[in-house]
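Structure, as structure tokens:
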Amino acid sequence: MVITDIRIRQIEKESKLKAVASITFDESFAVHDIKIIDGDKGLFIAMPSKKTLEGEYRDIVHPINQEFRSYLQGEILKKYAEIKEESISGEN
């Protein structure tokens, strides 16, 4: 499975939520609303989720293994860093 597109939408207000990503695989399958969050140990991604009747949140889609989660997070955070750098250099 090849990532063919990553789009990042930065969140302007000051919060732990820094951006929302959409990712496309093999130019055929898209996943939206992947959150980029600034946690206690740095940036990480949170997969799209929904609230259950019991009030808990459950992922709608998610990686099955840690290897793919690491790959996915690495690619999304790399794109986020590029976007942040472009916005900083565009302000000068």
Side-chain angles (χ1 to χ4, degrees):
M1 186 175 304
V2 176
I3 296 172
T4 52
D5 189 33
I6 300 175
R7 296 177 188 229
I8 305 288
R9 187 177 77 242
Q10 292 188 75
I11 304 298
E12 297 301 322
K13 73 176 196 177
E14 193 62 36
S15 73
K16 289 188 178 276
L17 178 62
K18 299 302 179 188
V20 178
S22 294
I23 191 163
T24 304
F25 297 96
D26 296 330
E27 297 180 1
S28 301
F29 185 78
V31 177
H32 303 286
D33 297 328
I34 301 170
K35 296 173 191 80
I36 300 173
I37 299 172
D38 190 5
D40 294 337
K41 297 179 182 178
L43 295 173
F44 67 94
I45 63 169
M47 299 306 291
S49 61
K50 69 176 184 173
K51 194 172 188 177
T52 66
L53 295 175
E54 295 79 28
E56 298 175 349
Y57 286 90
R58 297 191 52 104
D59 289 348
I60 297 169
V61 296
H62 59 87
I64 297 298
N65 58 52
Q66 185 58 42
E67 180 183 357
F68 190 73
R69 176 175 285 281
S70 295
Y71 166 68
L72 190 61
Q73 180 165 286
E75 293 300 306
I76 291 171
L77 294 182
K78 182 169 57 174
K79 183 69 171 187
Y80 175 69
E82 291 172 10
I83 298 295
K84 289 286 290 179
E85 182 64 34
E86 288 173 10
S87 69
I88 290 169
S89 59
E91 291 175 1
N92 296 329

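- The closest side-chain heavy-atom distance from Pro48 to Ile34 is below 4.5 Å.
- Atom CG in Asp38 sits 8.5 Å away from atom CZ in Phe44 (nearest 0.5 Å).
- Tyr80 and Leu17 fall into different hydrophobic clusters, defined by Ile, Leu, Val, Met, Phe, Trp and Tyr side-chain heavy atoms under 4.5 Å apart, directly or through other members.
- For Asp26 (side chain) and Met1 (main-chain N/O), no donor-acceptor pair under 3.5 Å exists by modelled atom type.
- Between Gln10 and Lys84, some side-chain heavy-atom pair lies under the 4.5 Å cut-off.
- Side-chain contact between Ile37 and Lys18 is absent, with no heavy-atom pair separated by less than 4.5 Å.
- Connection of Val31 to Ile6 is established within a shared hydrophobic cluster, with ILVMFWY side chains joined at heavy-atom distances below 4.5 Å, either directly or through further cluster members.
- Side-chain contact between Lys16 and Ile11 is absent, with no heavy-atom pair separated by less than 4.5 Å.
- Tracing side-chain contacts under 4.5 Å through hydrophobic residues (I, L, V, M, F, W, Y), one reaches Ile76 starting from Leu43; they form part of the same cluster.
- Ile23 places none of its side-chain heavy atoms less than 4.5 Å from the side chain of Lys79.
- Note on Met47 and Ile8: same hydrophobic cluster, where clusters join Ile, Leu, Val, Met, Phe, Trp and Tyr whose side-chain heavy atoms are under 4.5 Å apart, directly or indirectly.
- No side-chain heavy atom of Arg69 sits less than 4.5 Å from a side-chain heavy atom of Leu72.
- Looking at Gln73 and Pro63, their side chains never come closer than 4.5 Å, going by heavy atoms from C-beta outward.
- Phe29 is connected to Tyr71 through a chain of hydrophobic side-chain contacts under 4.5 Å among Ile, Leu, Val, Met, Phe, Trp and Tyr, so both are in one cluster.
- Counting heavy atoms from C-beta outward, Phe25 and Thr4 have side chains that stay 4.5 Å or more apart.
- Atom OG1 of Thr24 sits about 7.0 Å away from atom NE2 of His32, to the nearest 0.5 Å.
- Nearest heavy-atom pair across His62 and Asp59 is CB-OD2, 3.8 Å.
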